[in-house]
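One structure is given below, encoded as structure tokens.
The structure displayed is predicted, hence computed values, not measured ones.
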Amino acid sequence: AGRVVHASNSGSNSAYFHSTNGSTGTGSQDGIVMGMGDATNAYFWNYESGNIQFATSATARLTITGAGNMGLGTAAPLANFQVGGYSSSQGISIAAGTGSYSYLYFADGSSGNQQYRGYIQYNHANDSLEIGTSGSEALRIDSSGNLGVGGSPTSNTSTKTLQVTDATTARMLLESTGSGGRKYGWYASVDGQFAVYDYTANAERMRITSSGDVGINQTTPTSPSGHRVLHISGDTGGQARIHLTTSASGHGSNEGAYIVALGAESGASAGQLGIQNLENRDIHFGTGTSYAEKLRIQHAGGISFNGDTAT
């Protein structure tokens, strides 16, 4: 049979082992105390300012410093809890059941969601990783690698999704901070609109309405009932243009062709529609899937009809 040292107190007072040495003194609050305190509490108490260490194989494994920091694999932890001593790989495993959660909470109180104002948790039931702020979920990565901000992402087996969800306006910002960079935002609003916004210039650049109309520099693209429209608005006094280019024409500002709504800066021509071929070539008008030419404006100034190319 094994041997045991048994300290017992039949009353409600403590029963403990008290160890001191020449450096600690021999008073009741010197050295260390191990034993049962009042009621059912157990104590391992170091009255000195030094560390408490637990070791195996003649190596310190866990250290509690005099300042209260705890270290696993280090004898000099620099934070409340530190794992590792700056050598080899280190880690923490939170092992939960297959239908449960592994979690890490960041608390600022002891009631309600103060206990988990911020959190990181893994849901083993559906293999999703969730990050929370202000006591509620802010970001989720699902088992397929889709990322949802503000809600669960829509799962699609053939693609990866970044989804931003909000009850009023869901927005994504892209910003270049280099010289000449700008900040742009994409947002979908509660009224079904999708827009691209230039936050550097504080101006909306494009909008798609819930009906499918598209506005460029126009927040309320308009069309006759039952029709869809691409609505381009020029700046105050300026023109509105559609610029068409190909690899043959080049893609510069003076290459290809323009369809232009002339603005106030065009003087007497304001309000007129212009079609301009910058390539010094003819302009054709045709119909049908086989493109039967009906009208040609020749670059030299002549006009021909029904495929007649005579000048």
- Task: Keeping the roles fixed (side chain from Gln82, backbone from Gly84), state whether a donor-acceptor pair exists under 3.5 Å.
- Result: yes
- Taking Asn217 for its side chain and Ser233 for its backbone only, find out whether a donor-acceptor pair lies under 3.5 Å. yes
- Message: Quick check against the 3.5 Å criterion: does Arg205 have a side-chain atom that pairs as donor or acceptor with the backbone of Val196?
- Response: no
- Message: Given 3.5 Å as the limit, does a donor-acceptor pair link the side chain of Gln276 with the main chain of Ala257, or not?
- Response: no
- Query: For residues Ser253 and Glu255, is any side-chain donor paired with an opposing acceptor at under 3.5 Å?
  - Reply: no
- Item | Smallest separation among heavy atoms of Thr245 and Gly250, with atom names | CB-O, 3.2 Å
- Do Pro221 and Thr209 come within less than 4.5 Å of each other through their side chains, counting heavy atoms only? yes
- Item | Rounded distance [0.5 Å steps], CG in Asp166 versus OG in Ser189 | 11.0 Å
- Query: Any link between Val214 and Val229 through a network of hydrophobic side chains (Ile, Leu, Val, Met, Phe, Trp, Tyr) touching at under 4.5 Å?
  - Reply: no
- Message: If you count heavy atoms of other groups shown closer than 6.0 angstrom to CG of Asp108, is the number above 12?
- Response: yes
- Considering all heavy atoms of both residues, which atom of Gln90 and which atom of Gly85 are nearest to each other, and what is their separation? NE2-N, 4.4 Å
- Do Glu130 and Ser128 get their side chains close enough for a donor-acceptor pair, meaning under 3.5 Å? yes
- Query: How would you list, by chain and number, every residue that makes a side-chain hydrogen bond (donor to acceptor under 3.5 Å, both in side chains) with Asp142, sequence neighbours excluded?
  - Reply: Asn146
- Message: Test side chain to side chain contact (heavy atoms under 4.5 Å, CB included) on Leu162 and Met172; report intermediate values, then the result.
- Response: CA-CA 10 Å; Leu162 168 60; Met172 183 188 309; 3.7 Å; yes
- Note on the structure: Taking every heavy atom of Gly99 against every heavy atom of His124, the minimum-distance pair comes out as N-CB, 4.5 Å
- Give a yes or no on whether the backbone of Ala201 and the side-chain of Asp198 come within a donor-acceptor separation of less than 3.5 Å. yes
- Task: Apply side chain to side chain donor-acceptor pair (under 3.5 Å) to the pair Thr24 and Glu48, showing each step before the final yes or no.
- Result: CA-CA 7 Å; Thr24 65; Glu48 309 303 320; 4.6 Å; no
- Message: Tell me whether Tyr47 shares a hydrophobic cluster with Phe17, the cluster being built from Ile, Leu, Val, Met, Phe, Trp, Tyr side chains joined at under 4.5 Å.
- Response: no
- What's the spacing between Arg207 CZ and Ile216 CD1 if we round to 0.5 Å? 13.5 Å
- Query: Does the side chain of Ser211 pick up a donor-acceptor pair with the side chain of Asp213 at under 3.5 Å?
  - Reply: no
- Query: Got a sec: does the CZ of Arg228 have more than 12 other heavy atoms crowding it under 6.0 Å?
  - Reply: yes
- Scan side-chain atoms only and decide if His299 and Asp282 contain a donor-acceptor pair under the 3.5 Å cut-off. yes
- Message: Looking at Asn80, I want to see if its CG is surrounded by more than 12 non-hydrogen atoms of other residues, nucleotides or ligands under 6.0 Å.
- Response: no
- Query: Looking at residues at least two apart in the chain, or sitting in another chain, which of them share a side-chain hydrogen bond (donor to acceptor under 3.5 Å, both in side chains) with Asn277?
  - Reply: none
- Message: Less than 4.5 Å apart, side chain to side chain, heavy atoms only: is that true for Ile64 and Asn51?
- Response: no
- Note on the structure: The remaining residues in the hydrophobic cluster of Leu78, counting side-chain heavy-atom contacts under 4.5 Å among Ile, Leu, Val, Met, Phe, Trp and Tyr, are Tyr86
- Task: For Ile242 and Ile232, run side chain to side chain contact (heavy atoms under 4.5 Å, CB included): C-alpha distance rounded to whole Å, both residues' side-chain angles, the deciding distance at 0.1 Å, then the answer.
- Result: CA-CA 8 Å; Ile242 297 177; Ile232 303 174; 3.5 Å; yes
- Message: Please determine whether side chain to side chain contact (heavy atoms under 4.5 Å, CB included) holds for the pair Val190 and Thr169, giving the CA-CA distance in whole Å, both sets of side-chain angles, and the decisive distance to 0.1 Å.
- Response: CA-CA 6 Å; Val190 70; Thr169 300; 6.0 Å; no
- Message: Could you measure the distance from the CD1 atom of Ile131 to the OH atom of Tyr119? Nearest 0.5 Å is fine.
- Response: 10.0 Å
- If you measure only the distance, is there a donor-acceptor pair under 3.5 Å linking the side chains of Gln53 and Thr63? yes
- What closest approach, in Å, do Tyr291 and Phe285 show between heavy atoms, and which atom pair accounts for it? OH-N, 3.6 Å
- Message: Under the rule for ring-ring contact (aromatic ring centres under 6.0 Å, His included), what residues qualify as partners of Tyr103, not counting sequence neighbours?
- Response: Tyr105
- Rounded to the nearest 0.5 Å, how far apart are OH of Tyr122 and CD1 of Ile94? 13.0 Å
- Indicate yes or no for a side-chain donor-acceptor contact from Thr74 to the backbone of Leu72 under 3.5 Å, with no hydrogens or angles considered. no
- Query: Which atoms form the tightest heavy-atom contact between Ala270 and Gly263, and what is the distance?
  - Reply: CB-O, 3.2 Å
- Message: Could you measure the distance from the CZ atom of Arg281 to the OG atom of Ser249? Nearest 0.5 Å is fine.
- Response: 11.0 Å
- Query: Hey, quick one: are Leu62 and Phe81 part of the same hydrophobic cluster, counting side-chain heavy atoms closer than 4.5 Å, chains of contacts allowed?
  - Reply: yes
- Query: Which other residues belong to the hydrophobic cluster containing Tyr187, where Ile, Leu, Val, Met, Phe, Trp and Tyr are joined when side-chain heavy atoms lie under 4.5 Å apart, directly or via other members?
  - Reply: Leu173, Tyr197, Tyr199
- Message: For Asp30, give me all partners under side-chain hydrogen bond (donor to acceptor under 3.5 Å, both in side chains), at least two apart in sequence or on another chain.
- Response: none
- Rounded to the nearest 0.5 Å, what separation is found between the CZ atom of Arg140 and the CG atom of Leu147? 11.5 Å
- Taking it one step at a time, do Thr200 and Tyr184 satisfy side chain to side chain contact (heavy atoms under 4.5 Å, CB included)? CA-CA 7 Å; Thr200 302; Tyr184 285 97; over 6 Å; no
- Query: Under a single-linkage definition using a 4.5 Å side-chain heavy-atom cutoff for Ile, Leu, Val, Met, Phe, Trp and Tyr, are Tyr43 and Tyr16 assigned to the same hydrophobic cluster?
  - Reply: yes
- Is it true that Met34 and Phe54 fall in one hydrophobic cluster, defined by side-chain heavy atoms closer than 4.5 Å? yes
- Query: With a 4.5 Å heavy-atom cut-off, do Tyr258 and Leu244 have their side chains touching?
  - Reply: no
- Task: Taking the side chain as every heavy atom from C-beta outward, state whether Gln298 and Ser304 have any atom pair closer than 4.5 Å.
- Result: yes
- Query: Any side-chain heavy-atom pair from Gln121 and Ser102 closer than 4.5 angstrom?
  - Reply: no
- Task: Can you see which heavy atom on Gly25 is nearest to which on Thr20, and at what distance?
- Result: O-CB, 3.1 Å
- Note, Pro77 side chain near Met70 side chain (heavy atom, < 4.5 Å): no
- Query: Short question: side chain of Gln163, backbone of Thr154 - any donor-acceptor pair under 3.5 Å?
  - Reply: yes
- Message: Quick one about Arg61 and Thr56 (side-chain donor to acceptor, distance below 3.5 Å, no hydrogens or angles considered), yes or no?
- Response: yes
